[in-house]
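Just passing along the structure, written as structure tokens.
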2 protein chains.
Amino acid sequence: MADGAVGATRRKRQGTSNGKTTLREVAEHAGVSPAAVSRAFTPGSPISDALRARVIEAAEGLGYRPNRMAAGLAGGRSGLVGIVADGFADPGLLDLLDHATRAMKGHGLIPILLNSEGQESFEDIQRIVHDYGIEALLLLSPGLSRRFVQGVQKSGIRYAHAFEAHSADPAAAQAGVRDILAARLAAATFAERGYVAPAMIAGPEGTRHFREPANGFTTTLDRLGLPNRVVHAESWSPDAGARAMAGLLAQGACDAVFCASDTLAIGALGAVRAAGRAVPEDIGLIGYDDLAASAWPEIDLSTIAFPRAEIARYCVDFLARLRDDPSLKPEAFVAEPLLVERSTLRSARV
Amino acid sequence: MADGAVGATRRKRQGTSNGKTTLREVAEHAGVSPAAVSRAFTPGSPISDALRARVIEAAEGLGYRPNRMAAGLAGGRSGLVGIVADGFADPGLLDLLDHATRAMKGHGLIPILLNSEGQESFEDIQRIVHDYGIEALLLLSPGLSRRFVQGVQKSGIRYAHAFEAHSADPAAAQAGVRDILAARLAAATFAERGYVAPAMIAGPEGTRHFREPANGFTTTLDRLGLPNRVVHAESWSPDAGARAMAGLLAQGACDAVFCASDTLAIGALGAVRAAGRAVPEDIGLIGYDDLAASAWPEIDLSTIAFPRAEIARYCVDFLARLRDDPSLKPEAFVAEPLLVERSTLRSARV
DNA sequence: CTGAAAGCGCTTACAG
DNA sequence: CTGAAAGCGCTTACAG
């Protein structure tokens, strides 16, 4: 019967049915068991090609789509992955979000956006993961505390981590540029361009990305016999960058500044100009991120690229593979820091 | 018994249980029916204060949290709302996302990020809504086609729409600035500042935001007896803005330009300077959005504000109210366009 | 490879 | 107000 009359149920219920075809109806129309329908839609399930074909045909005829919530409940595979993000003032996040969501779509994964701005503790996130049967977490947040990351680690929740890249024996899947290498590159570049007193504006204290790049920066410069110093910005905003730069300028004695992010560098750039100093002659500037805005002619910032597209894709692909093979070992994708040459750096001495 | 032994089930299953307490266990510990536990957690359910208190106590003791997936399946209230977004190159979206997700958290709603960039048809979105029992849609996308919006409308899916604001008899909940008023304000401002040949760089043809602002712009200028013209950018990117501006400049005969977005205006600004013309003396510029970047000293763009925080919050709050009262009628929140005065406009004639 | 059955963790008409 | 029961739409050991 084409009208799909289902065995009389005692009462009409609302549920999420939404007037949509259910697995049971497909089973009846195809003349198979419900289990067969389920198997037909589950890759790797034990089912013959013939049976599967029959099911698929009936399903298409009825416009059937498995209800993922029910599948998640029954089988634990909701297809939901939580994107933990903060730093909503940094356009780089938007880019990451764009790439990550596109990659997820390719894997049939659905992104839940977990805004961890402010003091979202790991426990809060963990609760949501439980409440919704979220399968994995994608950490897209540079501002995550060590405590948070350790919490995720211990919880056993699957995850991948952008903004983290320790090539040796990673504790979890991660992808990123190694901050220390970026900092070394910046330091070496300043030296090569003839700057003699480089400084660094690092991110706010307490961030996981603070110590490593600062070390890379000072160590390299020490080795080259150049003076150097590191100050912190109070946040990642351009304003914070401008204030830090103003402070550096007030103390004199610096002619090049590496900023831990492009947002910081953009603020610093404004501060340098406001102080009547010339970029890149008086002051050289290197950012870190290569935001779209950094390429605008008004900004035109020399910076170290952070390959957001590759990193987002790598993390999502890893999560998708992990889903098919839970025994997968953590891996790291380490991108090389790359200098994007624009106008805030003197050219190399010839 | 504190160990919560549950009646012997025939087999161990994995499910999403995750080792977490279930409703049944709470019921047993509290010595009440499962229904009572469910009711205790559902505002407005028929349950005595005494019973509820007893349940809540047991629940807290066990660290119980209702599984939202199961609740969604059984009751149709998943708490999931889909954010339909595109334009991931525009930082304004990130801002909107930030405000919307924060507002949702306040209502216990969870955001699913639906990236509609490219050609995501309404049918695709509808499928996801079904698959996951998404309760409502928040349209945060300026680039949605009329077809898409009509599809949502007809589908009966609940939604709220940012970037839309027709005060009279709204067909659905919407919030935004009326483009036509923004365009009129820009036109009037140019006239007041003594510009004599204003032009407008509108968004790409085909966008829902094209015709209305263009009309507002030209009509106002016609009435004031000033020449005017409208060109389209090929996209919303700064590059597209720069190309449109270059085109305008090449033809001469314009001394002020209203851009349909700040991203466009930022590109236009670069093009004006690249052509060796002075802003705001030779060419006045007004953008639309008031992005964070527009306030950077290097940009310092005069623009018409789009109150993203209020708009995002309004939409989310509406969705939350609609959830509690499905009979709620659609409403519109119309924000007044407001000129943010910066350096790309001559000052008023004295 | 298949099907019947139990179960995932909740909700809600129904009958007190 | 309460509880027993049926149901939401799927999955997966179990026993062929």
Side-chain angles (χ1 to χ4, degrees), chain A residues 6-28 30-55 59 64-79 130-133, chain B residues 6-28 30-55 59 64-79 130-133:
Chain A
V6 183
T9 51
R10 215 173 110 222
R11 355 167 174 150
K12 290 276 177 237
R13 295 286 300 285
Q14 280 272 69
T16 43
S17 75
N18 205 10
K20 286 298 194 177
T21 315
T22 116
L23 174 147
R24 185 189 304 270
E25 299 176 55
V26 176
E28 282 170 5
V32 303
S33 72
V37 179
S38 176
R39 293 193 182 105
F41 281 92
T42 308
S45 274
I47 185 175
S48 66
D49 291 348
L51 225 205
R52 166 168 277 146
R54 211 156 111 217
V55 170
Y64 169 72
R65 306 204 88 217
N67 178 317
R68 303 277 246 132
M69 254 206 302
L73 225 207
R77 285 171 68 92
S78 64
H130 161 257
D131 296 355
Y132 284 93
Chain B
V6 183
T9 50
R10 216 173 110 221
R11 355 162 173 155
K12 292 273 178 234
R13 295 286 299 286
Q14 281 271 70
T16 43
S17 75
N18 203 12
K20 286 298 193 174
T21 314
T22 118
L23 174 149
R24 185 189 304 270
E25 300 176 55
V26 176
E28 282 169 6
V32 304
S33 72
V37 179
S38 175
R39 293 195 182 105
F41 282 91
T42 309
S45 273
I47 185 173
S48 66
D49 290 347
L51 225 204
R52 164 169 280 147
R54 209 156 115 218
V55 170
Y64 169 71
R65 306 204 87 218
N67 178 316
R68 303 277 245 131
M69 251 205 305
L73 226 206
R77 286 171 67 93
S78 62
H130 161 258
D131 296 355
Y132 284 92

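In what follows, every chain begins at residue 1, and chains take the letters A, B, ... in the order their sequences are listed.
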Over all atoms of both residues, closest heavy-atom pair of B:Arg77 and B:Arg68 |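 Taking every non-hydrogen atom into account, O-NH1, 4.1 Å.
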Would you mind classifying the nucleic acid contact of B:Ala35 as base, sugar-phosphate or nothing, using non-hydrogen atoms under 4.0 angstrom?
->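 Base contact.
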Rounded to the nearest Å, what distance is computed from the CZ atom of residue B:Arg24 to the C1' atom of nucleotide C:dC10?
->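 One finds 10 Å between C1' of C:dC10 and CZ of B:Arg24, rounded.
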Nearest-Å distance for atom pair CD/C1', residues A:Glu25 and D:dG7 |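 Going from A:Glu25 (CD) to D:dG7 (C1'), I get 15 Å.
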Side chain of B:Val32: nearest nucleotide among D:dT11, C:dG3, D:dG3?
->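 The nucleotide sitting nearest to the side chain is D:dG3.
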Point-to-point distance, once rounded to the nearest 0.5 Å, from NE2 of B:His130 to OG1 of A:Thr21 =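 Answer rounded to 0.5 Å: 7.5 Å.
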How close do A:Phe41 and A:Ala59 get, heavy atom to heavy atom, and via which atoms?
->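 Closest approach of A:Phe41 to A:Ala59, heavy atoms only: CZ-CB, 3.6 Å.
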Taking CG from B:Asp131 and P from D:dC8, how many angstroms apart are they, rounded to a whole number?
->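 Answer to the nearest Å: 18 Å.
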If pairing requires Watson-Crick or G-U wobble contacts with both distances under 3.5 Å, which nucleotide is the partner of C:dC14?
->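 Pairing partner: D:dG3.
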Take the protein atom NZ of A:Lys20 and the nucleotide atom P of D:dC8, then report the distance between them rounded to whole Å.
->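 Taking NZ of A:Lys20 and P of D:dC8, I get 17 Å after rounding.
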Side chain A:Arg68 and base D:dG9 donor-acceptor under 3.5 Å =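 Side chain to base: no pair present.
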5' precedence on DNA chain D between A:Leu23 and A:Arg39 (nearest-nucleotide basis) |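 In this pair, the answer is A:Leu23.
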So what does B:Pro66 hit on the nucleic acid, given a heavy-atom distance under 4.0 Å: a base, only sugar-phosphate, or nothing?
->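 Contact class for B:Pro66: sugar-phosphate only.
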Counting just side-chain N and O atoms, does A:Ser33 come under 4.0 Å of either OP1 or OP2 of C:dG3?
->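 Yes, such a contact exists.
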Taking all non-hydrogen atoms of both residues, which atom of A:Val55 and which atom of A:Val37 are closest, and how far apart?
->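 So the two residues come closest at CG1-CA, 3.8 Å.
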How many Å lie between OH on B:Tyr132 and C1' on D:dG9, as a whole number?
->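 Atom OH in B:Tyr132 sits about 14 Å away from atom C1' in D:dG9.
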Residue A:Ala74, side-chain atoms from C-beta onward, closest of D:dC10, D:dC8, C:dT2 =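 Of all the options, the side chain of A:Ala74 is nearest to D:dC10.
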Kindly say if B:Thr22 contacts the phosphate of C:dC10, meaning a side-chain N or O under 4.0 Å from OP1 or OP2.
->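 B:Thr22 to C:dC10 OP1/OP2: side-chain N or O found under 4.0 Å.
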C:dC10, D:dG9, D:dC1: which one has an atom nearest the side-chain heavy atoms of B:Ala71?
->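 That would be C:dC10.
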Nearest-Å distance for atom pair CG/C1', residues B:Asp49 and D:dC1 |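 Going from CG in B:Asp49 over to C1' in D:dC1 covers 11 Å.
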Counting heavy atoms from C-beta on, name the nucleotide in C:dT12, D:dT12, D:dG9 closest to the side chain of A:Asn67.
->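 Selected nucleotide: D:dG9.
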Under 4.0 Å between any heavy atoms, over every strand shown, what does A:Ser38 touch: base, sugar-phosphate, or nothing? Just pick one.
->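 Base: the residue A:Ser38, judged by heavy atoms under 4.0 Å, touches a nucleobase.
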Could you tell me whether B:Tyr64 contacts a base, only the sugar-phosphate backbone, or nothing, with contacts defined as non-hydrogen atoms closer than 4.0 Å?
->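 It contacts sugar-phosphate atoms only.
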Rounded to the nearest angstrom, tell me the gap between atom CZ in B:Arg54 and atom P in D:dC1.
->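 For the pair B:Arg54 CZ and D:dC1 P, the rounded distance is 16 Å.
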Classify the side chain of B:Arg65 versus the base of C:dG9 as yes if they form a donor-acceptor pair under 3.5 Å and no if they do not.
->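 Absent.
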Determine the interatomic distance between P on D:dT2 and the same-named atom on D:dA6; round to the nearest Å.
->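 Those two atoms are separated by 23 Å.
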Nearest-nucleotide pick for A:Ile47, side chain only, options being C:dT2, D:dG3, D:dG9 =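 Among the listed nucleotides, the one closest to the side chain of A:Ile47 is C:dT2.
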Between atom CG in B:Leu73 and atom P in C:dG7, what is the gap in whole Å?
->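 Checked: the CG to P distance equals 18 Å.
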Do you know the tightest heavy-atom contact between B:Arg39 and B:Arg52?
->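 So the minimum-distance heavy-atom pair works out to O-NH2, 3.1 Å.
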Picking from D:dG9, D:dC1, C:dC1, which would you name as closest to the side chain of B:Ser48?
->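 Out of D:dG9, D:dC1, C:dC1, the nucleotide with an atom closest to B:Ser48's side chain is D:dC1.
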Return the minimal non-hydrogen interatomic distance between A:Arg54 and A:Val32, and the atom names on each side.
->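 Scanning both residues, the minimum pair turns out to be NH2-CG1, 3.6 Å.
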